[in-house]
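Because the structure is predicted, anything quoted here is derived from the model rather than measured.
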Amino acid sequence: MSKITVIGTGSVGSTVAYTLTVSGIASEIVMIDINSEKAMGEALDIRQGVPFFTPCKVLAGSYYDAVGSDIVVITSGVARKPGQSRLELAQTNVNILKSVAENIVKYAPDAVYVLVSNPVDVLTYAFAKFSGIPEERIIGSGTCLDSARLATRISEYYQINQQDVQAYVLGEHGDSSFIPWSLARIAGIPVEMYPNAVLSGGNFPEFKKDEVEEYVRKSGARVIGRKGATFYAVSMSVAHLCRSILKGIDTMLAISSVMHGEYGISDVALSILHLVGRNGIKSKLLLPLTEEEEGKLRHSADCLKEVIGKLDI
């Protein structure tokens, strides 16, 4: 038996709940939103399709209904508006998160908290500061989705299964993220050497790292530009993260957590590789980054600290 509470039933929150349901990850899903009618409608819509999948109790509720949750997924917040600065968005969503934390923590003190709202690194840091939840049970979705986008793009170049790609995006879930190419592999082979390892049938285009980095960094904006929002891929990444927590089998994921001296970085949350298991974060993994890559990670930390330093947390 496993219980997941999803706070926020906008496009992302509702799709997270739907994806969790059809994936058979949880036996109970509680949906909470300040707009209770919206939450009830979304829960009813999902619940009526459950007979086609693994049995699951899906309901809309209040914070009290989160009692006994194994995982709480927080998607509440506002999207960035035209003309709104990144800093203004950050303060608005920090204020919303404070209100959520005051209500949810007392009912689900033992849950693993997964932060999805943006700016996710800033909110992960803020939640760790004022929630009282141990940091190992606070996970920002971070660059988990960015890393999936990276694997997708590399697989398109070489026409292979995305799961054969081992490559990660680190740092901020945003403009200062970067790809440690020194560690990117396809079945253990450095990405740029893969064409030489294919003995027959390989006719690949020139691999352009700059194009791939641009693709990853701009993917979200491109989706928003075409359909107004992103929610399918992020929901799949959150479902994968929840599955990793509930299975209890340590899984390596690029997620965001508060740093305490790793790579010389402290007092900020950003994404590096972590082992995630039953009770949340089991350990951080220190990858053998090059000197240049470590510099990019520290630059990303500095960019986030600049925003955090101007916020009322």
[X]-[Y] side chain donor-acceptor pair, cut-off 3.5 Å:
X: Thr19; Y: Ser235; answer: no
X: Asp146; Y: Ser177; answer: no
X: Trp181; Y: Glu213; answer: yes
X: His173; Y: Ser141; answer: no
X: Ser2; Y: Glu28; answer: no
X: Tyr157; Y: Glu211; answer: yes
X: Ser62; Y: Asp65; answer: yes

Taking [atom1] in [X] as the centre, count heavy atoms belonging to other residues, nucleotides or ligands within less than 6.0 Å. Is the count above 12?
X: Tyr232; atom1: OH; answer: no
X: Asp210; atom1: CG; answer: no
X: Phe130; atom1: CZ; answer: yes
X: Lys208; atom1: NZ; answer: no
X: Leu44; atom1: CG; answer: yes

Discussion item. Could you go through Phe204 and Tyr194, starting from their C-alpha distance and side-chain angles, then the distance that decides it, and tell me whether this counts as side-chain contact (heavy atoms from CB on, under 4.5 Å)?
Written reply: CA-CA 10 Å; Phe204 308 114; Tyr194 178 76; 4.0 Å; yes

Fill in: Tyr113 side chain near Ile74 side chain, heavy-atom distance below 4.5 Å
yes

Item to complete: Would you indicate whether the side-chain heavy atoms of Ile29 and Lys57 approach each other to under 4.5 Å?
Response: no

Just by modelled atom types, is the [Y] backbone N or O under 3.5 Å from a matching donor or acceptor in the [X] side chain?
X: Lys38; Y: Gly8; result: no
X: Lys310; Y: Gln91; result: no
X: Ser131; Y: Ile133; result: yes
X: Arg137; Y: Ala111; result: yes
X: Ser14; Y: Gly10; result: yes

Worksheet entry | Lys218 and Asp175: CA distance, side-chain angles, deciding distance, salt bridge (charged side-chain N to carboxylate O under 4.0 Å, His left out) verdict | CA-CA 9 Å; Lys218 301 295 184 182; Asp175 292 341; 5.3 Å; no

Practice prompt. Might you point out which heavy atoms bring Val112 and Ile245 nearest each other, and give the distance in Å?
Written response: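 Minimum heavy-atom contact is CG1-CD1, 3.8 Å.
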
Item to complete: Would you check, one step at a time, whether the test salt bridge (charged side-chain N to carboxylate O under 4.0 Å, His left out) holds for Glu102 with Lys98?
Response: CA-CA 6 Å; Glu102 288 172 359; Lys98 282 183 180 180; over 6 Å; no

Worksheet entry | Verdict with reasoning, Glu156 to Arg153, per salt bridge (charged side-chain N to carboxylate O under 4.0 Å, His left out) | CA-CA 5 Å; Glu156 289 170 349; Arg153 191 56 173 163; 2.8 Å; yes

